[in-house]
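Lettering follows sequence order; numbering is per chain, from 1. The structure displayed is predicted, hence computed values, not measured ones.
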Number of protein chains: 2
Amino acid sequence: MSSRFSSTLTAQCQNCSLSALCLPIALADEDITRLDQIIERKKPLKKGEFLFRQGDAFDSVFAVRSGTIKTFNITSLGEEQITGFYCPSELLGLSGIDTNTYPISAKALETTTVCEIPFTHLEELSSQIPSLKHQLFKLMSRKISDDQQMMVLLGKKNADEKIASFLLNLSNRFKKRGYSASSFRLSMSRGEIGNYLGLAVETVSRVITRFQSNGLVHVDGKEIEILDFNEMQKLIGAPAVCDKIACI
Amino acid sequence: MSSRFSSTLTAQCQNCSLSALCLPIALADEDITRLDQIIERKKPLKKGEFLFRQGDAFDSVFAVRSGTIKTFNITSLGEEQITGFYCPSELLGLSGIDTNTYPISAKALETTTVCEIPFTHLEELSSQIPSLKHQLFKLMSRKISDDQQMMVLLGKKNADEKIASFLLNLSNRFKKRGYSASSFRLSMSRGEIGNYLGLAVETVSRVITRFQSNGLVHVDGKEIEILDFNEMQKLIGAPAVCDKIACI
DNA sequence: CGGGTAGTTGACGAGGGTCAAACTATGTGG
DNA sequence: CCACATAGTTTGACCCTCGTCAACTACCCG
């Protein structure tokens, strides 16, 4: 047990830079220590490696420490459908609780480290620490709200709005953990963006190119800089109106 | 408190026909009794009445006892986006936990009765009854999985597949609670179906009409009968292939 | 009986998917 | 370090699905 504290993977919740965003939010110091004791740090995943596979027995949820994870499921036709991208401090795997089996696969988009949190331990601990239990409920509740926003996006929005929403969403997530909100690196490919947003690769490429020529963003491969937040926001908020303004 | 037991709304979890599907699953009899004591039965909602509104303070989750509830949010453009339909035994309102505010509105599609479950009580009780806590986690986990399936549907499927998925999904839900899987009543309008699935009303109408002329279903207003489950299933599973078969 | 809402059907066009080809990165092994 | 293979990206051309607009019908309720 204590051996891991002497390894190179010893980062603890207490001194983890993500603790203000991650599961430990709103926990007392002593409670964080107890949480910390059930968490295992895994050795880094290389790009393309699986964290877990659809159908695997569910036993843990994971917090991303660095890198990015994508989750996806394989449809009956064998094609992959991406259901989410997970950045540092974000928790994944919660959808496995229901059936005791992960309903999705999770794969690293780049070199990625995660904290593994065995769920039975977490559940036990949550009985003893009410604020942890509440925190878990909140996290799952937020996931439900977020997914519903995503449903709106997929069902109602056009390609421009989808891409703008996607970029601003990433921007917010980077900002929240102290990185630049305007300039960042897309760890996923255009194909993966398209898959996630329900668009063809070509459409993603075309829209991003058009955003660039309209001065909304500056793109260089996977590097992206958002130049005009205002206009991007408008694209999301008021599509029809915005379209007209943009066309004048 | 005990007065409600003498009212006309006294149905209790113990003798509720939905207990095998609803929150009480997997609870011991005495635990069901304790759960039962925090649940309030509300007087029926008439068609069009709100159960709660987007922005209202969150304090309860609700189980539908009879009727149907739709949840939706109002977009920045003022249009409504339906995020779900809730049938008897299904729980709604969980998305309010995160912000202590309902992020969606809930409205009755027909005369509907619900059980109100004050969340703070439920959370307290869940500390004392581990299986109830687990049940709650499972419910939220399932919601997350289901929503992800919905995201796949919205992002990847065409109009035929969307409608077929929707109808089979309803069919399964009716079957699960002992009603006919093949013949039921759509409590929502065509417009609401379209809104939910990201389709125009006209498309919904056309697809359903075409399903009927292809012998997949029989429709009479809101009454629908699924005639060919096999073909419907194929529509969902293997779109391209299926299309070709249907066109021969 | 008239007016309002919900549903159906047709005509048309735009948005975005598909196919194809060129171009650019990123490896990988000799 | 270069040649080649492979994957990812961009761009153009074409076409299909589905949204929009409009007219018409059916139905419900006062």
*Asks:* Tell me, please, which residues at least two apart from B/Ser171 pass side-chain contact (heavy atoms from CB on, under 4.5 Å).
*Replies:* B/Ala181, B/Phe184, B/Ile226, B/Phe229
*Asks:* With sequence neighbours left out, write down each residue that passes salt bridge (charged side-chain N to carboxylate O under 4.0 Å, His left out) with A/Glu80, or none if nothing qualifies.
*Replies:* A/Lys70
*Asks:* Who passes ring-ring contact (aromatic ring centres under 6.0 Å, His included) against A/Phe58, sequence neighbours left out?
*Replies:* A/Tyr102, A/Phe119
*Asks:* Measure NZ/A/Lys47 against C1'/C/dA25 and give the value in whole Å, please.
*Replies:* 11 Å
*Asks:* Any chance you could list the contact pattern along nucleotides 8-13 of chain D? Use B for base contacts, S for sugar-phosphate-only contacts and - for none, protein heavy atoms under 4.0 Å, 5' to 3'.
*Replies:* -SBBBB
*Asks:* Roughly, in whole Å, what's the span from CZ in B/Arg210 to P in C/dT8?
*Replies:* 14 Å
*Asks:* Nearest whole angstrom, please: distance from the C1' of C/dT18 to the CG of B/Asn158.
*Replies:* 15 Å
*Asks:* Check salt bridge (charged side-chain N to carboxylate O under 4.0 Å, His left out) between A/Arg206 and all other residues, then give those that pass, not counting sequence neighbours.
*Replies:* none
*Asks:* What is the distance, to the nearest angstrom, from the CG atom on B/Leu199 to the C1' atom on C/dG16?
*Replies:* 16 Å
*Asks:* Applying a 4.0 Å non-hydrogen cut-off, can you work out what A/Ala159 is touching in the nucleic acid: base, sugar-phosphate, or nothing?
*Replies:* sugar-phosphate
*Asks:* In whole Å, I'd like the distance from the NZ atom of B/Lys157 to the C1' atom of D/dC18.
*Replies:* 18 Å
*Asks:* Take atom CD of B/Gln212 and atom P of C/dG7, then tell me their distance rounded to the nearest Å.
*Replies:* 15 Å
*Asks:* Could you work out, with ring-ring contact (aromatic ring centres under 6.0 Å, His included) as the rule, every residue matching A/Tyr196, not counting sequence neighbours?
*Replies:* A/Phe85, A/Phe166
*Asks:* Residues in side-chain contact (heavy atoms from CB on, under 4.5 Å) with B/Ser183, at least two apart?
*Replies:* B/Ser180, B/Glu225
*Asks:* A/Thr111: which residues meet the side-chain contact (heavy atoms from CB on, under 4.5 Å) condition with it, sequence neighbours left out?
*Replies:* A/Pro44
*Asks:* Between the two ends of the helix from C/dC1-D/dG30 to C/dG30-D/dC1, what is the bend in degrees, rounded to 10 degrees, where each end axis spans five pairs?
*Replies:* 40°
*Asks:* Any base atoms under 4.0 Å from B/Gly198, or only sugar-phosphate, or nothing? Heavy atoms, all strands.
*Replies:* sugar-phosphate
*Asks:* Could you tell me the separation between the NZ atom of B/Lys156 and the C1' atom of C/dG17, rounded to a whole number of Å?
*Replies:* 12 Å
*Asks:* Using atom types as modelled and distance alone, determine if a side-chain donor or acceptor of A/Asn158 lies under 3.5 Å from a backbone N or O of A/Glu161.
*Replies:* yes
*Asks:* Which whole-number value in Å describes the distance from B/Asp220 CG to C/dG7 P?
*Replies:* 13 Å
*Asks:* Who are the side-chain contact (heavy atoms from CB on, under 4.5 Å) partners of B/Phe50, not counting sequence neighbours?
*Replies:* B/Arg53, B/Phe72, B/Ser105, B/Lys107
*Asks:* I'd like a list of close polar pairs between nucleotides 24-29 of chain D and the protein, N/O only, cut-off under 3.5 Å.
*Replies:*
none

*Asks:* Answer yes or no: is there a donor N or O on one side and an acceptor on the other, between the side chain of B/Thr71 and the main chain of B/Gly84, under 3.5 Å?
*Replies:* yes
*Asks:* For B/Asn73, enumerate each residue passing the side chain to side chain donor-acceptor pair (under 3.5 Å) test, keeping only those at least two apart in sequence or located in another chain.
*Replies:* none
